[in-house]
Enquirer: 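What follows is a structure written as structure tokens; I'll ask about it next.
The sequence lines fix the lettering, A, B, ..., with proteins before strands; numbering per chain opens at 1.
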Amino acid sequence: MRYLPLTPSDRQAMLGVIGAKSIDDLFADVPAEARLDGPIHGLPNHASEMAVERHFSNLARQNMTASHTPFFLGAGAYKHHVPASVDHIIQRGEFLTAYTPYQPEIAQGTLHMLFEFQTQVARLFGCDVANASMYDGSTACWEAIGMAGRITKRTKAVLSSGLHPHYVSVAKTMAQYTGDTLDTALPELSPGTDSARLLDAIDGETSCVVVQYPDILGRIEDVSAIAAKAHEHGALLIAVVTEPVALGAIKAPGEMDADIVVGEGQSLGVGLQFGGPYVGLFACKEEFVRQMPGRLCGETVDAEGKRGFVLTLSTREQHIRREKATSNICTNSGLCALAFSIHLTLLGEKGLRGLAELNHGLAVQAADRLSQIAGVELVNDTFFNEFTLKLPKEARPVVRALADRKVLGGVSLGRLYPDVDALANGLLVAVTEVATMEDVETFAAALQEVLA
Amino acid sequence: MRYLPLTPSDRQAMLGVIGAKSIDDLFADVPAEARLDGPIHGLPNHASEMAVERHFSNLARQNMTASHTPFFLGAGAYKHHVPASVDHIIQRGEFLTAYTPYQPEIAQGTLHMLFEFQTQVARLFGCDVANASMYDGSTACWEAIGMAGRITKRTKAVLSSGLHPHYVSVAKTMAQYTGDTLDTALPELSPGTDSARLLDAIDGETSCVVVQYPDILGRIEDVSAIAAKAHEHGALLIAVVTEPVALGAIKAPGEMDADIVVGEGQSLGVGLQFGGPYVGLFACKEEFVRQMPGRLCGETVDAEGKRGFVLTLSTREQHIRREKATSNICTNSGLCALAFSIHLTLLGEKGLRGLAELNHGLAVQAADRLSQIAGVELVNDTFFNEFTLKLPKEARPVVRALADRKVLGGVSLGRLYPDVDALANGLLVAVTEVATMEDVETFAAALQEVLA
Amino acid sequence: MSTINQSGWKPEMGSAGETGPATYTGNKALMLEEALIFEIGTIGTTGVDLADAPKVTPRLGNLARHRDIGLPGLSEPETVRHYTRLSRQNYAIDLGFFPLGSCTMKHNPRLNEKVARMEGFADVHPLQPVETVQGALAVINELAVWLIKLTGMHGVAMTPKAGAHGELCGILAIKAALEARGDPRSVILVPESAHGTNPATAAFAGYAVENIPATSEGRVDLAALKARLGPDVAGVMITNPNTCGLFERDMKAISDAVHAAGGYVYCDGANFNAIVGRVRPGDLGIDAMHINLHKTFSTPHGGGGPGSGPVVLSEALSPFGPIPFTERHADGRYTLVEEETASARHPHSFGRMTAFHGQMGMFTRALSYIMSHGADGLRQVAEDAVLNANYILRSLEDVLDAPFAHSGPCMHEALFSDNGLAEGFSTLDIAKGLIDEGYHPMTVYFPLVVHGAMLIEPTETESKATLDQFIGAMRSVVQRAKAGDPMLKSAPHHAPRRRLDETQAARKPVLVWREPEQAVAAE
Amino acid sequence: MSTINQSGWKPEMGSAGETGPATYTGNKALMLEEALIFEIGTIGTTGVDLADAPKVTPRLGNLARHRDIGLPGLSEPETVRHYTRLSRQNYAIDLGFFPLGSCTMKHNPRLNEKVARMEGFADVHPLQPVETVQGALAVINELAVWLIKLTGMHGVAMTPKAGAHGELCGILAIKAALEARGDPRSVILVPESAHGTNPATAAFAGYAVENIPATSEGRVDLAALKARLGPDVAGVMITNPNTCGLFERDMKAISDAVHAAGGYVYCDGANFNAIVGRVRPGDLGIDAMHINLHKTFSTPHGGGGPGSGPVVLSEALSPFGPIPFTERHADGRYTLVEEETASARHPHSFGRMTAFHGQMGMFTRALSYIMSHGADGLRQVAEDAVLNANYILRSLEDVLDAPFAHSGPCMHEALFSDNGLAEGFSTLDIAKGLIDEGYHPMTVYFPLVVHGAMLIEPTETESKATLDQFIGAMRSVVQRAKAGDPMLKSAPHHAPRRRLDETQAARKPVLVWREPEQAVAAE
Ligand SMILES: Cc1ncc(COP(=O)(O)O)c(C=O)c1O
Ligand SMILES: Cc1ncc(COP(=O)(O)O)c(C=O)c1O
């Protein structure tokens, strides 16, 4: 087998050194009734690299890919052009095949990068500090709610109706068992969000308010007022960002006094990958750092006084604190954090601003074009690169019909909110730099046809 | 521009240090009439990575690729499955973006690899020594003829009719100017080669005999007799190998006393790439080493006595010897040599033997199947993974007709020998491990249809 | 910041330090110093060219950004070089032996990277209509089938993002099952030797965590466990093979006892690589077990992640598993069970653990690894992993204290303690000595049940020659630790950095880069 | 061979050498020793799994192989590690500044690697029917058009495999043209400063090579050249910008004179990167020039190659260029002119220079590079390359002798000599000192016209910060060379190897590995 270096004679020699007659001796502690005497039945044996590669390329060719069809899906996962150098670098064996940097003297590459990543995320979100990554945006979101609970010693979280429904579901799953109570609501197909509801809900029991920015329907609203009210009542404001590219065009949540800002970093460097692995971004105000989940990389010096980096404040973490840890997370999303960081380094301030402007410009043109179609209404007054259309009929079958016409025409709210009639006609449309005006025209023509 | 780090302010500051008013001052030595005052007209300006990538993927999709069609082309370029780890390694920046190892202390990676490559090639060809690579098989072949001329001080080379016609053309091009005379002939659609002709042609003027093994029609013949006769007359035997995988199944030319063995290494590690870059393999008997063209890597020790490697015997080369050099070659095919060497290391003796056996087995099955088709004759008695079929009609239009049916069904001799009626019905068919029995059946069915 | 010295420290010219003459740049030939992007980049620089944005009237409300973010950019050449230089300061499995116990650092085949990058997988959106992603769903389903058959379990939850997330999945399934039967319980029993994520997970789910005592052999004390079982015990979390590298002989008996007491058995499957193809955990009566695809099935760990932690479930727990998951229909079509269909197809699910469908990019890699090995190769994987570990155990036990050497053969990892080192020398010194020798140290100070623990996991992808050289080097380092060699105490000497001051790092944490004060910048 | 020490030398334990304490393994943390595959592999090992071969009666005549070849195999994990460890002993442009004069080591964009690997280019056979490779032919044709327009020439031969091969192409075209007009000539004039490939090429084509004298300025002596021209002179080979880094001011006058004398002008275009977009060689009257795509257009050099050397041709020489080449038809279709159609479409061709169609994999990369820069970006490339070189020239001329500093601005590279170093110190010592500082040395001892030449080519892809740090380091090293620092004489100290004994290597060459004698193996 190509991955196994031991030769039969090696095995014999080693058994000799060990003083075992056969390999079975080494499994002697396995009770007889649980021992398998040969390969498991009903499973194929080893295969050549060529055979395996063919199997996968046949499966891969059954999928409709974003790059070869007019593509407009978003809803928490966005297609952006990722420079080839990003993938080249993350495939360097020294990054790809390293473990968590437990031995800092020979892990400065990863640690140095994490220190840069933490700084980039903190600045992007307008916060003081950021951690070394979480699994993804949805898990970062419930970790933030849990953190707010630890800080405020309260259990009531108020969730905006504009929060991604998957994020809400994840929080609900956790709340069932952590005893937190969640105040939630469904969004409406209107230009305005439910900030009024949020403001009303904040009281002395409230641990935090959770808002998404831009929200699930693409709407952008100032959260300063919510921050102020929350702080009045000793609660925290958690802002969730699912499209970090937006922050190249609009204010950061931290600038509006959010206490914790979490997000999905997939947009930069990572790609679509059918939903994972992605990378959770987690930032907050300095005062809360000791309640943060996840790993933190910090600066220090070595025995010769040279600057170096280490994992630090581990007393928050499971391997030291065990049942008292701030989270059970261990493996995070390091390599995706690297990809995110490289892409953001390539862009820089100038590139991110330009990319955001390009996304917004194309989205505005697309929104205007599509809303010219008879019966199609643009729900949003404000949006960045994603907006909601109200169709004259249920959106879900429309999306399927568009796919038949080789157009991936957005995400139907019916997919996200299955049993909510009021939302059934809603269609989320994301437009990034990968969409050409011809793509938009193809989409418009197909939509017109499907709606006719 | 994304590849240019200098900022406008850098440029100003640097002009200041230099003491120039503007960049134009630095081009003052260019006569006014030759200076261009702006970007050349009629050419587009810079483009985003995304735009360039799209341009190429659109062009790429206009080509019929070997991996998604039944594929049977050979004639000096063979499709083999290359393990993914080969391409991963050759993309390591330390290999990919290094130059020729002029500073051995920081080029041991490349030099160590070349020493292994030279040993692998020498052993594969059954020779004492090999060099660090040539451009490709065809140029290695005429360099060998030139080398034989230098060694024997003679100018008449006798070329087998089984030598690849492109290799013959290249040698003819050079001979026009070097004053060498070439004794050549056209092949015949018969099981036997023209070794009789070669034996006759060898005389006191002969510098070398050049045979291909297996030859252009896929035939395999023992060259010992030719070696013996050549040596009797003070001439050298040059053997050319265009499919190194064959040597996993058959004797090496060196074992049959060839003096110089050259070849095309594309089969291992390199891939098809529409004809280039490939890698020329060049090996010979130790006594001739100082007449070899190209670079040689040799073992030595460093100041602390540690084993290390350097480029050596450079007094043969252009940068030292100038007009007296053994060749004008400078840049060779180092990275392809690395790919070749990695693939051969992965295979090892065991893998190469197995791969050869697999190729031969499939080829035999295919030959038997295809020659069952009415009017189709198998020319070869002997072959490795490539054989010649005699069709009832001209092969060239047949190949085109097969392509219309999405089968890449071999190379017509009409393409290689345009105006030779006796060869017009010949079809070269190569069968490697990438061909499945279904592919062969598809091919057979299409061929039957086209011939009907 | 001075361009001459971009690395935040000033090398002294001329003085020949113990690792050779200092240099002007601070570089040492191929060991290159590198500054932070904030020190070499500017907000005006970019490594990306973009098409011009169409001129439109913005729809950003009153929130258009005016203030700078402060993100430095680098041109592409500077970017590639920055990260390439950084990468060279890392150790990795591609470079050498990396026997990090419990973490299973085995070879990561490049075929898996190639497969994961096929456009059909890398470039599809998780919310595309299922009709357009049948190939992607097929991958998830095929992997699920393999995992179920390899473990002999009833079902599998594919969405957990890593092992700890999988633990949570399992514990939540247990909690849901108990609540469903109206018998909420409050305690989870966990051995002291357990990985930190076990107690952390149980506590997160609202359980009280109690220790299970161990025998002198390093295994769960069955009698003591039985004694503790009762109506308040929701279940146990047991690692098998355990973190001492031993197989829990009594696993089946433990499961039976826990079940008899109305509890459930969670098995930490991080060490499944030791038994894959030789033992099916399902035959040992467990109810839930996570599988770290980034360990047993070799998806690359990427310097911290991502991982993937599917959880196999017993028939009792399967109904409570999370959504979404894939279903294969008679006609070969695949569909997803998610919010919409859950109520009908999977009514007792405890809900969703993450957005979308889990770590697809890891699924493709793991399936590629599994298909490459096949049922026969995977069995060989376990055998070679265990053979290599025992070879190391028996080749070092004469120089290093192996507390459980008498407990029978070890499984995939060999455990040693720091007993017998010279006064003032510790496991840490041995680890740092191994760094100079060109190895990544083993796992140190885990598990907690052994003093100065050294947990060595070679994995099956190491050759005998590599093990022999390591054993020789380890013996040499241990001898120096016993002899009290001061050079060892100050190791590493050859790494990009000498020992780093972790206390200072924690005392006043510097977690993000800030412009140095003028004063500092000036010097 | 002992598994403990696989690298052919025995590190002494304990003794703290000047580069720090020795180690048991010979490794130094991340600087890892590596053995030869012949020392670690066996002929029974393989890293490739294959389907079983069908059983057939062989058709191999009587030549079936019986004897072993002696090719060691490694498993895939061992293979990846072997080459990864080796790679780390290399310096490369990805790691740092690589100012190798004349070789133009600029950044290699990864986009180009991605494009070249698209299946549609990487996985097509050169002899497929042209109808099935229209996209590949389009790439060749589009690149050809760019090269013609950028140089202002009439035609281009795409097939030459590297610069030297391109030189041969040009010289053969000249020879063919002369013979066609019945005026064979015998001499090619080449400046002493020319690259070795120039005289080697001329000689190979059967010409006598004579030197062209240079002026004290480092340029061709026009008067002397004119004096030598005559009916025996086939042509001249002139490098412009020349290898002293200077633009040949009189290029046009030279061309006119040579043409007047019935000869042709070959221009070595290796330094085209200095003038691309600012000067079109065609406007200087040249007849043929090769372009090293691996220099000006950044295809990676791969530690020695592959390169690609298309040759642009004047109207006079175009009819004699090699086959094959692409033709674009009115309807947008592409065809190939090769043996079959040559007699009709290209009757005067001197023939074929290589099998197939040239370095396709380099064409895709170069075209991607060219399209990315565009006409504006390419012009900027030349300007920044020249700016960087002059910045270095002016920043070092006070410490290093710059023989042609007075000859006007340099182009893309700055030339220095070893005048003024301490007794016994040479250019080589400065080169080795730069290695310790983390740089690849400049080109040394070329061109031959300057004593102890140091030819520094920064290229346009280096930042000012990088140049400033290099200038500082270079000044430091030069001062040590002037002060006679013995530490410099013994440099490098930090590289994987100290200075290597090239004399021994050449005296009794060991070019392939052979089993060590028992004696040796034993020790
Ligand atoms: C025994 C054990 N359990 C659980 C975990 C946690 O797994 P993960 O890091 O994938 O969350 C690990 C890995 O660190 C482990 O070794
Ligand atoms: C001036 C000059 N001419 C010719 C050559 C030869 O080019 P190549 O190495 O591509 O054959 C080179 C490159 O080494 C060169 O620098």
Enquirer: Is Glu119(D) salt-bridged to Arg61(B), going by a charged N under 4.0 Å from an acidic O?
Expert: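 So Glu119(D) does not pair with Arg61(B) through a salt bridge.
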Enquirer: I want to check something: taking the side chain as every heavy atom from C-beta on, are Leu111(D) and Tyr3(B) in contact at a cut-off of under 4.5 Å?
Expert: yes
Enquirer: Can Asp94(D) and Arg92(B) be counted as an ion pair, charged N to O under 4.0 angstrom?
Expert: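 Arg92(B) and Asp94(D): not salt-bridged.
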Enquirer: Mind checking whether Ser372(D) and Met1(B) have side chains closer than 4.5 Å, heavy atoms only?
Expert: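 Yes, their side chains come closer than 4.5 Å.
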Enquirer: Report yes if the side chains of Val48(D) and Lys350(B) come closer than 4.5 Å at any heavy-atom pair, otherwise no.
Expert: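 Val48(D) vs Lys350(B): side chains apart.
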Enquirer: Any side-chain heavy atom of His107(D) within less than 4.5 Å of one from Pro5(B)?
Expert: no
Enquirer: Please tell me if the side chains of Ile40(B) and Arg280(D) come closer than 4.5 Å, counting only heavy atoms from C-beta onward.
Expert: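 The answer is yes, as the side chains (C-beta and beyond) meet within the 4.5 Å cut-off.
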Enquirer: With a 4.5 angstrom heavy-atom cut-off, which part of Ile69(D) approaches chain B: side chain, backbone, both or neither?
Expert: both
Enquirer: Heavy-atom cut-off 4.5 Å, strictly under: side chain, backbone, both or neither for Phe38(D) against chain B?
Expert: side chain
Enquirer: Under the criterion side chain to side chain donor-acceptor pair (under 3.5 Å), I'd like the reasoning laid out for Thr65(B) against Asp123(D): C-alpha separation, chi angles, the key distance, then a yes or no.
Expert: CA-CA 6 Å; Thr65(B) 65; Asp123(D) 200 26; 4.7 Å; no
Enquirer: Between His294(D) and chain B, with a heavy-atom cut-off of 4.5 Å, which part of the residue counts as in contact: side chain, backbone, both or neither?
Expert: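 Contact with chain B is through the side chain of His294(D) alone.
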Enquirer: Among Lys306(B), Gln108(B), Arg307(B), which residue satisfies the side-chain contact (heavy atoms from CB on, under 4.5 Å) criterion with Leu500(D)?
Expert: Gln108(B)
Enquirer: Does Arg65(D) reach the side chain of Glu255(B), with side-chain heavy atoms less than 4.5 Å apart?
Expert: yes
Enquirer: Can you tell me how far the CZ atom of Arg11(B) sits from the CG atom of Asn388(D), to the nearest 0.5 Å?
Expert: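 Arg11(B) CZ to Asn388(D) CG: 9.0 Å, rounded to 0.5 Å.
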Enquirer: Side chains of Leu387(D) and Ile23(B): does their closest heavy-atom pair fall under 4.5 Å?
Expert: yes
Enquirer: Between Leu95(D) and chain B, with a heavy-atom cut-off of 4.5 Å, which part of the residue counts as in contact: side chain, backbone, both or neither?
Expert: side chain
Enquirer: Is Leu100(D) close to chain B through its backbone or its side chain, or both, or neither, when contacts mean heavy atoms under 4.5 Å?
Expert: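 Only the side chain of Leu100(D) comes within 4.5 Å of chain B.
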Enquirer: Counting only non-hydrogen atoms closer than 4.5 Å, does Val115(D) touch chain B with its backbone (N, CA, C, O), its side chain (CB onward), both, or neither?
Expert: side chain
Enquirer: State, with a plain yes or no, whether a side-chain heavy atom of Pro300(D) is found less than 4.5 Å away from one of Phe95(B).
Expert: no
Enquirer: With only heavy atoms counted, which part of His82(D) is less than 4.5 Å from chain B, the side chain, the backbone, both or neither?
Expert: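 The side chain, not the backbone.
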Enquirer: To the nearest 0.5 Å, tell me how far Ile329(B) CD1 sits from Thr197(D) OG1.
Expert: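 It is 11.5 Å, given to the nearest 0.5 Å.
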Enquirer: Select one option (side chain, backbone, both, neither) describing which atoms of Ser308(D) are under 4.5 Å from chain B's heavy atoms.
Expert: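 It is neither, since no heavy atom gets under 4.5 Å.
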Enquirer: Pick one of side chain, backbone, both or neither for Ala202(D), based on which atoms fall under 4.5 Å of a heavy atom in chain B.
Expert: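 For Ala202(D), there is no contact with chain B at all, as no heavy atom is under 4.5 Å.
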Enquirer: Tell me, for Arg278(D) versus chain B, whether the close heavy atoms (under 4.5 Å) come from the side chain, the backbone, both or neither.
Expert: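 Contact with chain B involves both backbone and side-chain atoms of Arg278(D).
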Enquirer: For Glu357(B), is it the side chain, the backbone, both, or neither that has a heavy atom closer than 4.5 Å to a heavy atom of chain D?
Expert: both
